[in-house]
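First the structure, in the form of structure tokens, and then the observations on it.
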Amino acid sequence: MTTTQSTSASWKGGLKRLTRTRARCKPATFMLARERLRSEAESLLREFPERYASSGIHRFVELDRDRRESVTRLEEKRRRRNELTAVRAKPDPETIAEMKRLKEEIRGLEENVEARESELAAAERSIPNAPHATVPRGKDESANRLERTWGQPRAFDFPPQPHWDLGPALGILDFERGVKIAGARFTVLRGAAARLSRALGAFMLDLHTREHGYEEILPPVLTNAESLFGTGQLPKFEDDLFKTREGLYLISTAEIPVTNLHRDEILREDALPIRYAAMTSCFRSEAGAAGRDTRGMIRQHQFDKVELVAFAKPESSYEIHEALTRHAEEVLRRLELPYRVVTLSTGDMGFNPAKTYDLEVWLPGLNEYKEISSCSNFEDFQARRASIRFRRAEGEKPEYLHTLNGSGLAIGRTLVAVLENYQQADGSVEIPAALRPYFGGDRIPRP
RNA sequence: GGAGGAGUGGCCGAGCGGUUUAAGGCGGUGGUCUUGAAAACCACUGUGCCCGAGAGGGUACCGGGGGUUCGAAUCCCUCCUCCUCCGCCA
């Protein structure tokens, strides 16, 4: 009993850090705060035309005004109805007549408000997050800013092979059978590649949990529509997802289940920041990517990834963003893989983030830097959609917190990077020193 | 998968058509008392939205959605979740 008690006490204590509150009303469906959109619509449009010109921001302003007008009228009718009901006895015929009238009026106004609300929500969903002041402005990736470069691309005294030649030659990447058993963009890892993939995952998780302070999470890889809406994959990017007949979706990133861990919750201030690391398989339909990266295993329908997710107080989220990015970089440093860090411009950035750093690893076989991690601060954009808040002190108003995430790292692409960067003249591959204890060997020999 | 049962505020728990603007208790916050603390007593105690410069006022929310009614936590439909038993399964 003593043992049981102490165990359950610490378990409860752990839970108690995060005050759970059931959602008791419709979740906020907006992304940028409505107050902010009302007051800043004009300036957002003026400052970031590349981001807002084609969004529903004009429509929002108009609909928002209409809706509030209708709500005010509706609430006046309801107030009157409550006044009449408060008598708490059988009402007289006149009162019943008035209440019947009110009933019709209320029903009409309710329908009106509901219709406007859903139009408004649709308009809001098309408005992307506002970029942080430090984000470079520009229409596309040509405006991205190089932050730093680490490591020197190795000088080869033989022509380095791309992984799609190297892997099959070593007998560890089987592209043909991947196609046979599943289809294009599926690959079978065998022998040393399968083991290397497992070693990379374990190495990354150990680094982040033991040295960087992340809690390891193993979440479901199927989630419901609410979760996808919370992190912004729905409704805009449904085509990128695989959907089951039961209405569940295969996750495209662990960001989805892990960020939604705290959906509809109010956290305690002293629980923040929260950092989670999760390794999952990720599934992407790559609907819009026909013809891109078709060779090799750069762009797959299924791949494994270690994802870092953080929940932070607004005033410290940019600090956390820098730290999270460094944590992802540390993986590349320990593996001694050359990389660079780039800040995405306002035109190249995704819909949801306020700021994104891309980590690009050097791939000698492809002779280019390739994205291997994307570290973003969403500020309160996701938190509003998913209703994730925190309270600074007992009795104070809950505030939306900031969410962040980044790959730490994409395992498939890291595996490619190891193969291509560590290949030897004789066709074998050396294993990076940091990985040897996990891999259980120092090289992949030529068969 | 089959058969039952249950979901009410931070927690426990009453209420089952109109004195409920959700009883009572626990917890929490503030206060009285006290050298201090405990006890006792008093007050307060959620979230969204609307109006308002503010003070404040209004409205909605009793698992989700829909319906019946002049009026719904309470009646009906439906979905979800949890519990018990049976079956199946890594």
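Convention: sequence-line order gives letters A, B, ...; per-chain numbering from 1.
Remark on RNA chain B: of its neighbouring residues Asp64(A) and Lys103(A), the 5'-side contact belongs to Asp64(A), judged by nearest-heavy-atom nucleotide.
Taking only side-chain atoms of Arg81(A), from C-beta outward, the nucleotide of C70(B), A60(B), C50(B) with the closest atom is A60(B). Counting only heavy atoms from C-beta on, Arg391(A) has its side chain closest to U47(B) among U69(B), U47(B), U59(B). Among U47(B), A60(B), C50(B), the nucleotide with an atom closest to any side-chain atom of Arg78(A) is A60(B). Checking C49(B), G71(B), G48(B) against the side-chain heavy atoms of Arg389(A) singles out G48(B) as nearest. In this structure, the nucleotide among U47(B), C49(B), C70(B) sitting nearest to the side chain of Val71(A) is C49(B). Taking only side-chain atoms of Arg107(A), from C-beta outward, the nucleotide of C70(B), C51(B), U68(B) with the closest atom is U68(B).
At least one side-chain heavy atom of Met297(A) sits less than 4.5 Å from a side-chain heavy atom of Val416(A). Counting heavy atoms from C-beta on, the side chains of Glu238(A) and Tyr249(A) come closer than 4.5 Å. For the pair Thr259(A) and Ile256(A), the minimum side-chain heavy-atom distance is 4.5 Å or more.
Going from atom CD1 of Ile388(A) over to atom P of U47(B) covers 17 Å, rounded to whole Å. Rounded to whole Å, the distance from CD on Glu35(A) to P on C50(B) is 8 Å. Regarding Lys397(A), its NZ atom lies at a distance of 9 Å from the P atom of G46(B), rounded to whole Å. Here the P atom of nucleotide C49(B) and the NZ atom of Lys77(A) are 25 Å apart, to the nearest Å. Residue Leu267(A) contributes atom CG, which lies 14 Å from atom P of U47(B) at whole-angstrom precision. Atom CD of Glu124(A) and atom P of C49(B) are 11 Å apart (whole Å). Rounded to a whole Å, the CZ atom of Arg67(A) is 15 Å from the P atom of A60(B). When rounded to the nearest whole Å, the span between NZ of Lys100(A) and P of G71(B) equals 9 Å.
At the heavy-atom level, Arg38(A) lies under 4.0 Å from the strands shown only through sugar-phosphate atoms.
OP1 or OP2 of G57(B) has not a single side-chain nitrogen or oxygen of Arg79(A) nearer than 4.0 Å. In this model, the phosphate group of U59(B) is approached by a side-chain N or O of Asn82(A) to a distance below 4.0 Å at OP1 or OP2.
The pair Arg80(A)-Glu98(A) meets the salt-bridge criterion, since a charged nitrogen lies less than 4.0 angstrom from a carboxylate oxygen.
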Candidate pair Arg79(A) and Glu75(A), rule salt bridge (charged side-chain N to carboxylate O under 4.0 Å, His left out), full reasoning: CA-CA 6 Å; Arg79(A) 191 199 58 74; Glu75(A) 292 193 347; over 6 Å; no

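Only the P atoms considered, C41(B) is 15 Å distant from G24(B), to the nearest whole Å. Separating the C1' atom of G46(B) from that of C62(B) is a span of 13 Å, rounded to the nearest Å. Taking atom C1' on both G63(B) and U47(B), the two are 16 Å apart, rounded to the nearest angstrom.
Of the possible donor and acceptor atoms, none in the side chain of Asn260(A) sits under 3.5 Å from a partner among the backbone N and O of Arg263(A).
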